[in-house]
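Following: one structure in C-alpha cells, then a few remarks.
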Amino acid sequence: MAKINTLEKIRNIGIIAHIDAGKTTVTERILFYTGRTHKLGEVHDGQAVMDYLVQEQERGITITSAATTCTWLDNDIHIIDTPGHVDFTIEVERCLRVLDGAVVVFCAVGGVEPQSETVWHQADKYHIPRIAFVNKMDRIGADFHGTVNQMKEKLGAFPLVLQLPFGNEANFKGVIDLIQNQVILWDENTLGITYHAEEIPEENKEEAFHYRDILLEKLAENDDEVLNKYLSGLPIPPEHIRQVVRRLTLGMKATPVLCGAALKNKGIQPVLDAVTHYLPSPVDVPSVVGTNPLTNQEERRPCSEKAPFTAFAFKVISDEEKRKFTFLRIYSGKVHAESEVYNATKRSTERFARIFRLHANKRQRLTETTAGDIVAVAGLKNTTTGDTLCTSGNPIVLESIDSYRPVISVAIEPKTRGDFERLENALAKLVDEDPTFNVKHDEDSDQIVISGMGELHLEVLVTRLLQDFKVNVTVGRPQVVYRETITRTVDVEEVFDKEIGGAQNYGRVKLKLEPLKRGSGFEFVNALPKGLVPFAFESAIHDGAQEGLLSGVVGGYPVVDIRITVVDATYREGSSTAVAYKVATAMAIKKGSQNAHPILLEPIMSVDVVVPESFVGDVIGDLNARRGKIEKIIPKGKASLLKALVPLRQMFGYSTNLRSASQGRGTFSMQFSHYDRTD
C-alpha cells in the first residue's frame, strides 16, 4: 500500500468501547470497505482479522490491541482496535497515549456502559478528540436518543447529532444525514459496499428538520457565518458546516454522533468520512512535550521530519517464534532501518534491526519511518513500555504511561524441573508485554505468584503459558491482592549504626505515621529544619519510606492511605550515609506500623448486572449473600440494571451463579472501585 506523503493526510485513531459494543466488527467493516481485506471477518465465527490470537477467536473478545493501516479519501488511517474488557484496560491506556483521535462505539441497546465511561475518561485524560458511533441500531431495544442523552448525563459530553436512524430495530434501513439533508441507504446484495442517497420521506421530514435546527443552533453559537445565514434563512453549504464541526471537535468542545448497524453492513462509510473530516492529523495536535535529561528543561518537538528524531514505545509483543517487537509512535524526525538510536529513559543505545508496518499479525517491511507513523520495530533489546527513543545528540524523555495495580493473584508451579527455566523465560516475556502483570517469588511457600487485573486476565495469561510457550504448570486457586493501612497516629524513632565493608554507616530518623482517608495513597512530608542533614540524605529518607511501605506487617501487602512525616534526624560527619538513613527509615516504618493498629484492606469492585425483571429478586439475594451493597436499580425496558459494590473475593465464579440464577439471560461487568477494610 502506497504511503501518503503529507502529514495532513494521516489519521492515527483508536476504536474504543465497552465489551461487546461492536468495536472489532466496526474495524472489520472499515478494512473491507477500504479494500484492505477482501472478505468480511466475523467475530462470532472466530474469523476477525484483528482478533488474530487463538484465545481471541475462541472467546470472541479482543484481548490485545491490534494495529493496521488503510486508505480512505486519499488519507492514510492508522487504526488500533482495543479491548473492551476491564481486565485489559492498560491496552486502551497505552494506545490512547499515542493516538491523535478516537472512534467511540456505543451499543444502542446498552447505551453508555461502565467500560464506556472508563475509556471516555481515559480519552479525556490525553485530550483526544473523538467521534461517537451508536452501533446495533437493528437490535431489539435500540434507543439512539437515549444513548445520546446518556452521553450528556454520564460522560458530560457535548454530542453533535449529525445523523438520525432511518427506521429502528428490525426496520432499521439506513441513516438520515442532517448535513446533506438526505437519507443514505445501503445495498444488502453487495454487503454494504454500494449505497445511495434519497430525499427524506415526508413522514420523517419534521423530525429531520427539528434535529437539523438543533445542530445549526449549536454551530451558530460558535461561528458568525453560520449565525448570519441561520438568522437570515439562507442555505449553509455542507462544506462550511463540516469546517465548523471539525473546529469544535478538535477543540474538544463537541463530539459528532453517527449511527448504524455494523453487523448488517450499514453506516460504516460515513464513519470513515467523519474520521477524515473531523479527527486531527498529526500536525493538528500540539507538539509533544518532554524533558531534556541533560538540562531538566522542558522541550517541545513539532511533528516534522526535519525535527530531531523522537519516538515513544507504547507496547511490546512476542510473535509465534518468540521474537520481540516494539510498537512505536514516531513523533518527530526520521529514522532508517539498522540505525542506532538512544533510549533516553534507560540511558542506553539501541539499534533498529527492522521496521514494519502492521496489519494485525501480518507485517510489511519498511526501509524508514517518519513523523506521524505508528510502526513495529525488531531488534530493541532493552526498550520497554513507556520508554522514549531519540538521538543521543538531542535527548528527550516523554511522560511515561500510568500503570494499574493488580487486584488478584494465583500461585503457579512448574510440573517438572525442565519446565522451570522455560517458565522463568516465558514469565519474563509476559512481564515485558504487560505492565499490569506482576511476578513475585514467595520465599515462605517457595512458589511463584502471578498477579493481574482480574480472573479473565490471569486465565488468559496462564493459557498463554500452556499453549504459546508450551510450559506445563500447576495453577492454584485465585487469591485476592490485599493492601494494609494503619488506624492510629504514632511517633517512632529508629537508629541504624553498623560497620559495612570496613566503613561505619550511621543514620537516625524520627517519624510520625498518620492514617489517611481511603484512596489517599501515600503522602510524604519532610518537616526537617533546613540544613539539619545534607539534601542527598533527605532523598534517601524518602526512598526508605517508599521501600518500607512495599511490605506491611499484617500479611506482607503494600501499605496505603498513610502520611509519613520526617520530624527529626541526626547527622554525623564522616559516618552518616544514604544507606543508613534509608534502612533506618524502613525499619522505623515497620516498627511504627506494628504499634499503629494495622488492618487489612480488600479490593471492592463496582459490579453492573443486567438481568430480566423476573430474575431481579434472585440476583439481589445472591449479591447480598456475597456481602454486596446494592446502590441502584435502573429499569431498562424489560430488564433491570443493578449497580452494586461487592468485595472481589466474593465474586470468584460469579458468572456461573448468574447464569444459573437467570437461566443464562443475565450479564455482568465489574471494575475496581476502591479498597476498604475487611469484615
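We number each residue from 1, following the sequence as shown.
Nearest heavy atom pair, residue Leu7 against residue Gly372, reads CD2-CA, 4.2 Å. The shortest heavy-atom contact between Ser662 and Val611 is CB-CG2, 3.8 Å. Across every non-hydrogen atom of Ile268 and Ala262, the tightest pair is CD1-CB, 4.0 Å. Shown here for Ile16 and Ala102, the closest heavy-atom pair between the two residues is CD1-CB, 4.1 Å. When all heavy atoms are compared, the tightest approach of His127 to Pro129 is O-CD, 3.3 Å. The shortest non-hydrogen separation linking Ala132 to Thr255 is N-CG2, 3.8 Å.
The distance from the NE2 atom of His210 to the CG atom of Asp213 is 8.5 Å, given to the nearest 0.5 Å. The line from CG of Leu164 to CZ of Phe144 is 6.0 Å long, rounded to the nearest 0.5 Å. Summarising the geometry, atom CD1 belonging to Ile241 is positioned 10.5 Å from atom CG belonging to Asp223; distances are rounded to the nearest 0.5 Å. Distance check, rounded to the nearest 0.5 Å: OH of Tyr211 to CG of Leu216 gives 15.0 Å. Between the OG1 atom of Thr82 and the CD atom of Gln122 there is a distance of 8.5 Å, given to the nearest 0.5 Å. In this structure, OG1 in Thr69 is found 9.5 Å from CD1 in Ile77, a value given to the nearest 0.5 Å.
A salt bridge does not link Arg97 to Glu399: none of the charged nitrogens lies less than 4.0 Å from a carboxylate oxygen. Between Arg329 and Asp373 there is no salt bridge, since no side-chain nitrogen of the basic residue lies less than 4.0 Å from a carboxylate oxygen of the acidic one. Note on Lys173 versus Asp138: no salt bridge recorded, every NZ/NE/NH1/NH2 to OD/OE distance being 4.0 Å or above. Salt-bridge annotation for Lys315 and Glu433: absent, with no side-chain N of the basic residue lying under 4.0 Å from a carboxylate O of the acidic one. Under a 4.0 Å N-O distance rule, the pair Lys205/Glu199 qualifies as a salt bridge. Comment: Lys229 does not engage Asp224 in a salt bridge, judged by the lack of any side-chain N to carboxylate O separation of less than 4.0 angstrom.
The number of heavy atoms from other shown groups lying within 6.0 Å of NZ (Lys125) is above 12. Other residues, nucleotides and ligands contribute over 12 non-hydrogen atoms within 6.0 Å of the NZ atom of Lys154. Within 6.0 Å of atom CD in Gln180, more than 12 heavy atoms from other residues, nucleotides or ligands are found, so the atom counts as buried in its surroundings. Remark: Arg139 CZ is loosely packed, at most 12 non-hydrogen atoms of other residues, nucleotides or ligands lying under 6.0 Å away. The neighbour count for Leu73 CG, taken as heavy atoms of other residues, nucleotides or ligands under 6.0 Å away, is above 12. Counting non-hydrogen atoms of other residues, nucleotides and ligands closer than 6.0 Å to CD of Glu203 gives a total above 12. The local environment of OH in Tyr126 is crowded, with over 12 non-hydrogen atoms from other residues, nucleotides or ligands closer than 6.0 Å.
The backbone N or O of His145 sits less than 3.5 Å from a side-chain atom of Asn149, completing a donor-acceptor pair. For the pair Arg247 (side chain) and Asn222 (backbone), a donor-acceptor distance under 3.5 Å is present. Between the side chain of Glu631 and the main chain of Ala644, no donor-acceptor pair closer than 3.5 Å is present. With Glu169 contributing its side chain and Gly141 its backbone, the two residues share a donor-acceptor pair below 3.5 Å. Side-chain atoms of Glu93 do not come within 3.5 Å of backbone N or O of Val119 as any donor-acceptor pair. Judged by distance alone, with hydrogens and angles left aside, the side-chain atoms of Asn135 form a donor-acceptor pair with the main-chain N or O of Ala21 at under 3.5 Å. Arg11 contributes a side-chain N or O that, together with a main-chain N or O of Leu279, makes up a donor-acceptor pair within less than 3.5 Å.
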**OP:** For Phe209 and Ile200, run side-chain contact (heavy atoms from CB on, under 4.5 Å): C-alpha distance rounded to whole Å, both residues' side-chain angles, the deciding distance at 0.1 Å, then the answer.
**Re:** CA-CA 10 Å; Phe209 177 82; Ile200 299 174; over 6 Å; no
Subject >> side-chain contact (heavy atoms from CB on, under 4.5 Å) evaluation trace for Leu248 with Leu160 >> reply: CA-CA 10 Å; Leu248 294 177; Leu160 275 182; 4.2 Å; yes
Subject >> Verdict with supporting geometry, Lys136 and Asp143, salt bridge (Lys or Arg N to Asp or Glu O under 4.0 Å) >> reply: CA-CA 10 Å; Lys136 302 190 178 184; Asp143 185 357; over 6 Å; no
**OP:** Starting from the C-alpha separation in whole Å, work towards a yes-or-no answer on side-chain contact (heavy atoms from CB on, under 4.5 Å) for His18 and Glu117.
**Re:** CA-CA 8 Å; His18 183 90; Glu117 295 185 59; over 6 Å; no
Subject >> Chi angles and distances behind the side-chain contact (heavy atoms from CB on, under 4.5 Å) call for Leu658, Val619 >> reply: CA-CA 7 Å; Leu658 179 61; Val619 172; 4.0 Å; yes
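Put simply, the side chain of Thr27 reaches to within 4.5 Å of the side chain of Ile79, judged on heavy atoms. The closest side-chain heavy-atom distance from Cys259 to Gln163 is below 4.5 Å. At a threshold of 4.5 Å between non-hydrogen side-chain atoms, the residues Asn265 and Arg29 count as touching. With contacts defined as side-chain heavy-atom distances shorter than 4.5 Å, the pair Leu219/Val245 qualifies. A 4.5 Å side-chain heavy-atom check between Lys9 and Asp74 finds at least one atom pair inside the cut-off. In this structure, the side chains of Val112 and Met151 come closer than 4.5 Å at one or more pairs of heavy atoms. Thr276 places a side-chain heavy atom less than 4.5 Å from the side chain of Trp72. Side-chain atoms of Ile13 and Leu99, non-hydrogen and from C-beta on, never get closer than 4.5 Å to each other.
Considering Tyr195, Tyr33, Phe166, Phe172 as possible partners of Trp186, the one that fulfils the ring-ring contact (aromatic ring centres under 6.0 Å, His included) test is Tyr195. Residue Tyr278 is tested with Asp273, Leu250, Thr249 for a side chain to side chain contact (heavy atoms under 4.5 Å, CB included); the sole match is Thr249. When Asn75, Ile30, Ile131 are each tested for a side chain to side chain contact (heavy atoms under 4.5 Å, CB included) with Val275, only one passes: Ile131. None of Ile630, Leu645, Asp618 except one satisfies the side chain to side chain contact (heavy atoms under 4.5 Å, CB included) rule with Leu623; the exception is Ile630.
Cation-pi contact between Arg363 and Phe325: present, with separation from the ring centre below 6.0 Å and deviation from the ring axis of at most 45°.
Side-chain atoms of Ser660 and Asn657 include no donor-acceptor pair closer than 3.5 Å. Donor-acceptor pairing under 3.5 Å is recorded for the side chains of Glu198 and His196.
Ring geometry for Phe106 versus Trp120: interplanar angle of 30 to 60°, hence tilted.
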